[in-house]
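Worksheet: the structure to be examined is printed underneath.
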Amino acid sequence: MSGLEEEYRLEYFETNGFYRKQCVACGDAFWTRDGDRETCGEPPCDTYGFIDDPGFAEAYTLEEMREAFLGFFEEHDHERIDPYPVAANRWRDDVLLTQASIYDFQPLVTSGETPPPANPLTVSQPCIRMQDIDNVGKTGRHTMAFEMMAHHAFNAREGVEGYAYEGEVYWKEETVAYCEELLDELGADLEEVTYIEDPWVGGGNAGPAIEVIYRGLELATLVFMSLERDPDGEYELKGDSYSPMDTYVVDTGYGLERWTWLSQGTPTVYEAIYPEMIDVLTENAGIEHTEEEAAIVHDAARLAGNLDIDDADDVEAARADIAAELEVGLDRLRGLLEPLESVYAIADHSRTLAYMLGDGIVPSNVGTGYLARMVLRRLKRLADGVGVDAPLDELVDMQAERLGYANRDTVREVVRTEVEKYRETLARGERRVESLAEEYAREGQPIPAEELVELYDSHGIQPDTVTDIASQRGVDVETPDDFYGLVAKRHESERAQTDGEESASDTGLEGLPATERLYYEDQNRMEFEAMVLEVRERGENHPEGGYDVVLDQTMFYPEGGGQPADHGTLSTDDVTASVLDVQLVDDVVIHRTDVDPGTGEFVRGTVDAERRRRHMRHHTATHIVGHAARQVLGDHIRQAGAQKGTESARLDVRHYESVSHEQLTAIERRANDLVMANEPVKQEWLDRNEAEERHGFDIYQGGIPEGEQVRLIHTGPDTQACGGTHVSYSGEVGIIKILGTERVQDGVVRLTYAAGEAAVEAVQRTERRLDATADVLDVSPPAVPETAERFFEEWKARGKRIEQLQSELAAARASGATGGETVDVGGTTAVVQRVDGGMEQLRATANALVDEGKLAVVGSGDDGAQFVVAVPEGVAVDAGEVVGELARRVGGGGGGPADFAQGGGPDTGALEDTLADAPEVLREQLE
RNA sequence: GGGCUCGUAGAUCAGCGGUAGAUCAUCCCCCUGGCACGGGGAAGGCCCCGGGUUCAAAUCCCGGCGAGUCCA
């Protein structure tokens, strides 16, 4: 066991006269050319030394610095590659956002499975780190959106085989030399640069790493990824053991924003990287400073840079010290700085959104969409708070323009839609809080913490919003110290349930050769011959029983990519086995059959052609519908899931609003246009990097395939990476009929459609329903909508008429025209009457009687035995009690308020006797 | 992917087992020279859909559809 000290003894350091020192303040080991140096150079051991005193020979803009960096490495034999999207989930499924340039090459390139797009390479990769959201604007140096400039080299140890790249391109010596040369070229004083030893650990990998510090600013991190976690490993880092890997990767990160900042020496990073935006925002917000105020702000920023400020909490703590140092009041300082902090954050959040939306992320309540929504809402709050009244879509567009995105119209549209949604949510929230505040105001109580949690968790209302509105009504709010802790507590129980995932069962099929998959060779052939390599009876883990059959080659398509497995038969001369399911495990296709075809036998395989053809039509149709949806709805349209069946298929796409009928019709028409154009559907196997380069990441609509080669399906103008089976010409899909659309969740729209024979069947089904409806209405099908509407209107009108007639009838009954027994109960006239009708009639009759000052007991035998008892004002009879007693006698129950009650029971036979006893019951009540 | 909340008049929402309500908007009348305001009146409801429990469901339970929100 050992650490990595030896790893840092570079020849470069030796020959250039470096010293290895230990920081007298923090104890970290570092390398320097300056023999007198005692501290590592990084705050808090040292302070910023570049503000008002830029560290490079010239000032660079963001764009100039990016070009300087990439150009430098191009000159040193690196290939410049285009940056990847910030939505990392478009090429890997373990993370949401790109947080570092190395994300572009994980996991397949770093593991050696796939070659890198170039080697060595250089890139300036846009990244988003949501974890810095609270620090943006406040610390002077944090940005949520940033570009990580990098150069990477992918190496494999000499003599080991089986990796997608081999040999060593370069390693630590060259990496440090490049860094020094670049710094030197830009005019940095190399005497002032320090290299801190800081081992890197992450995601099961580790390696030595060096932090490059210049004038107090960490400019770069040079990571030498070369170790993997291994219980028996010889290296010990942060509590885990590691051993060397066969591949080792140079992973560098140079912060574009910091290099730009250092070259300009502005008080904060924000003024260096988007000065125009800061100008626009300060003017729009009406922030004006006198010369004296401007000087205070400037000095405060410089002082803050010299302090050990890591996050927003430190800023607050340091502010008093800064105020004292500048000899201004704390409140005045805060008043000057806080609006600026908002402006900085607004500029940053606008840029973050430009990255996100420019890369096609659609705001929603899940995944990256949720993150985009959070950023936008925070941006809106900041802008409102500081008085920036420029529309957000303009702010985002300013950044999108600078970043060169082509889909700026969509981006603006998305921002506008999302701002409107937020406005509605806020309005809803305000109404809710207002009525809640009034409720608690009446009781003279403060709004309790549980309500606060509920308002936030279920309705998205921030506690400070609640406090604001409540205080306007003079209501206190119990704000707990640990508000977000309480919210988290609410979610604790759901965590517990999410484990218990079934572990992949041991297939026991190791060592079998990969099945040759014939369905890729000829997607139209449905018959083949093969040899049975292995048959296993399915164990008790599989309640459906049967056999797992492995062949040397197969035409059967295994379930995958949203396409269900083929069915069919495997026959020998003696037996015919039905194939009920087909799965792919690693490279082996497993056929589940009902009987054992016999190991070593030759079998004739026949695929259920009807089923397969329907799947093929629906699969190609899915590509076509996706393409059409993108044309109609916009370039941001991406597949969120898909399922193909025999009767219909569905495609879920990311979109920011529901799809209108008009849009649906347009999609359907475009899709059928593509069908009728009868374009060839071609498959092509391509090297992964080449496929990405030629067609972009949008080919991964159906998920991210493994392996070095990807299979592309070209359907006319559409290209996707896909493992499914397809028809040969788009015309074979037949008619595509969109059956419906629904919003599966916010930000995801589902399109359901049928193709070919399934479409014809679907149309016929719809037609039959229409015919049946027309028959019922006794009109021709075209007249159905109009007739249905007329009938519905008439039905409503009749309902009203019936109600009116019933009350007239009831009034007539009450006036004594239709009998009923009249008795005297303690001085009040009571009428006991049987009216066989519904509850409506009973109520109307009883009400009419009460209107005449009479006590009413009305019974019906229409639907069981039912009673209504109504008591006029000032009569001391409890209607509820009376009904309870009467209903009990017919085997039921009942009740209600004292002046009006209803009830009943199933025993209709006892109705007459019960009504006869009613006067008795009423009199008992009086006592 | 999981949790929570909500679907009642055109709009905003009460009601939360027992006769469907308020406010605004709409229409009519009064007041005015006219408008705003004010006063009086009317019209407007498959209480989201489907099951269940109950004598009785807008109300309780289950399922679906729709909307919102928090978290991974």
Side-chain angles (χ1 to χ4, degrees), chain A residues 89 93-96 130 364-368 370-371 373-374 377 421-422 424-432 434-436 438-439 450-451 453-462 483-484 486-499 501 640-641 657-658 740-748 750 792-793 795-796 799-800 803 806-807 810 838-848 850-851 856 858-860 862-870 879-880 883-884 886-908 911 914:
Chain A
N89 59 347
D93 48 20
D94 55 338
V95 291
L96 295 175
M130 294 290 293
S364 75
N365 54 13
V366 289
T368 51
Y370 181 61
L371 301 180
R373 175 165 288 171
M374 269 176 62
R377 293 188 171 188
K421 274 186 189 167
Y422 186 42
E424 279 168 22
T425 296
L426 283 183
R428 237 193 320 272
E430 261 169 49
R431 287 194 300 265
R432 187 166 208 102
E434 275 167 19
S435 70
L436 202 66
E438 271 165 30
E439 194 179 308
E450 307 92 75
E451 292 280 10
V453 172
E454 164 74 14
L455 283 169
Y456 175 72
D457 199 31
S458 296
H459 306 286
I461 304 163
Q462 239 72 14
F483 175 74
Y484 291 95
L486 286 179
V487 176
K489 208 169 172 188
R490 256 192 139 193
H491 292 273
E492 256 169 29
S493 54
E494 73 199 58
R495 295 274 146 67
Q497 298 170 345
T498 43
D499 44 30
E501 191 156 304
E657 57 188 3
S658 13
T741 171
E742 60 186 313
R743 284 237 277 182
V744 120
Q745 56 187 194
D746 198 18
V748 179
R750 171 168 298 171
F792 187 59
E793 291 303 321
W795 173 78
K796 284 201 284 189
K800 273 173 222 155
E803 208 172 301
Q806 273 177 346
S807 66
M839 194 52 92
E840 294 293 311
Q841 284 191 53
L842 299 194
R843 276 203 301 252
T845 306
N847 280 331
V850 167
D851 283 347
V858 190
S860 162
D862 230 24
D863 180 20
Q866 291 181 307
F867 303 99
V868 169
V869 175
V883 162
L886 296 178
R888 197 183 55 73
R889 297 183 185 207
V890 292
D899 61 333
F900 188 96
Q902 49 193 300
D907 188 1
T908 319
L911 178 61
T914 306

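- In this structure, A/Gln866 and A/Tyr422 both approach RNA chain B, and ranking their closest nucleotides by distance from the 5' end singles out A/Gln866.
- Nucleotides B/G1 and B/G10, compared at atom P, are 35 Å apart to the nearest Å.
- Residue A/Arg889 is out of contact with every strand shown, counting any heavy-atom pair closer than 4.0 Å.
- With values rounded to the nearest 0.5 angstrom, A/Asp907 atom CG is found 12.0 Å from A/Arg888 atom CZ.
- Residues satisfying the side-chain hydrogen bond (donor to acceptor under 3.5 Å, both in side chains) criterion with A/Arg432, sequence neighbours excluded, are A/His459.
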> Step by step, would you call A/Leu486 with A/Glu450 a side-chain contact (heavy atoms from CB on, under 4.5 Å)?
Replying inline: CA-CA 9 Å; A/Leu486 286 179; A/Glu450 307 92 75; over 6 Å; no
>> Checking A/Thr368 against A/Asn89 for the side-chain contact (heavy atoms from CB on, under 4.5 Å) test, could you report, in this order, the C-alpha distance in whole Å, the side-chain angles of both residues, the deciding distance, and whether it holds?
In response: CA-CA 8 Å; A/Thr368 51; A/Asn89 59 347; 3.8 Å; yes
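- Atom name P, nucleotides B/U54 and B/C61: the rounded distance is 16 Å, in whole Å.
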Could you list the donor-acceptor pairs under 3.5 angstrom formed between side-chain atoms of residues 893-903 of chain A and any protein atom two or more places apart in sequence or on another chain?
none

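- For A/Glu451, there are no salt bridge (Lys or Arg N to Asp or Glu O under 4.0 Å) partners two or more places apart in sequence or in a different chain.
- B/C62 and B/G45 have their C1' atoms separated by 26 Å, with the value rounded to a whole Å.
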>> Show, in sequence, the C-alpha distance, side-chain angles and deciding distance for A/Ile461 and A/Thr425, and conclude whether the side-chain contact (heavy atoms from CB on, under 4.5 Å) test is met.
In response: CA-CA 9 Å; A/Ile461 304 163; A/Thr425 296; over 6 Å; no
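- In terms of heavy atoms, A/Ala865 sits closest to A/Leu911 at CB-CD1, 4.1 Å.
- In terms of position along RNA chain B, the nucleotide closest to A/Ala865 lies nearer the 5' end than the nucleotide closest to the other residue of the pair A/Thr368 and A/Ala865.
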Check the interface with nucleotides 60-66 of chain B: list each N/O to N/O pair with the protein under 3.5 Å, or write none.
none

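- Expressed to the nearest 0.5 Å, how far NZ of A/Lys796 lies from CD of A/Glu793 amounts to 4.5 Å.
- Residues forming a salt bridge (Lys or Arg N to Asp or Glu O under 4.0 Å) with A/Arg889 (at least two apart in sequence, or on another chain): A/Glu885, A/Asp917.
- Between A/Asp907 atom CG and B/C55 atom P the separation is 13 Å, expressed in whole Å.
- The salt bridge (Lys or Arg N to Asp or Glu O under 4.0 Å) search around A/Glu430 returns none, not counting sequence neighbours.
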Extract from the structure each pairing of a protein N or O with an N or O of nucleotides 52-54 of chain B at less than 3.5 Å, listing the distance.
none

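- Heavy atoms only, all atoms of each residue included: A/Ala879 and A/Val869 are closest at CB-O, 3.6 Å.
- For A/Tyr456, there are no side-chain hydrogen bond (donor to acceptor under 3.5 Å, both in side chains) partners two or more places apart in sequence or in a different chain.
- Among the heavy atoms of the strands, none lies under 4.0 Å from A/Phe867.
- Residue contacts shown for A/Arg888 are absent, as no nucleic acid heavy atom lies under 4.0 Å away.
- Separation of the P atoms belonging to B/G52 and B/U59 is 14 Å when rounded to the nearest angstrom.
- Spacing between B/G68 and B/C27 at atom P, rounded to whole Å, works out to 32 Å.
- Smallest separation of non-hydrogen atoms from A/Gly892 and A/Pro906: N-CD, 4.2 Å.
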> Which parts of nucleotides 5-20 of chain B does protein reach within less than 4.0 Å, heavy atoms only, written one letter per nucleotide 5' to 3' as B for base, S for sugar-phosphate only and - for none?
Replying inline: S------SS----BBS
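- When the C1' atom of B/G1 is taken as reference, atom CG of A/Leu96 falls 12 Å away, rounded to whole Å.
- Annotation: B/A57 and B/C47 have their P atoms spaced 13 Å apart (nearest Å).
- One atom, CD of A/Gln462, and another, C1' of B/U69, lie 11 Å apart when rounded to the nearest Å.
- To the nearest 0.5 Å, the span separating CG on A/Leu96 from CE on A/Met130 amounts to 10.0 Å.
- Residue A/Gly367 is classed as a base contact, given a heavy-atom separation below 4.0 Å to a base.
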>> In dot-bracket form, 5' to 3', how is RNA chain B paired? Count Watson-Crick and G-U wobble pairs only if both distances fall under 3.5 Å, and write | where the partner sits on another strand.
In response: (((((((..((((....[..)))).(((((.......))))).....(((((..]....)))))))))))).
Below 3.5 Å between N/O atoms, which protein atoms pair up with nucleotides 43-49 of chain B? Just atom names and distances, please.
from, atom 1, to, atom 2, distance (Å)
B/G44, OP1, A/Lys800, NZ, 2.9

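- When the C1' atom is used for both B/A56 and B/C60, the distance is 13 Å, rounded to whole Å.
- When the C1' atom is used for both B/C65 and B/U26, the distance is 31 Å, rounded to whole Å.
- For the residue pair A/Phe867 and A/Thr914, the shortest heavy atom distance occurs at CZ-CG2, 3.8 Å.
- With sequence neighbours excluded, the residues satisfying side-chain hydrogen bond (donor to acceptor under 3.5 Å, both in side chains) with A/Asp457 are A/Arg490, A/His491.
- The separation between A/Leu842 atom CG and B/C55 atom P is 17 Å, rounded to whole Å.
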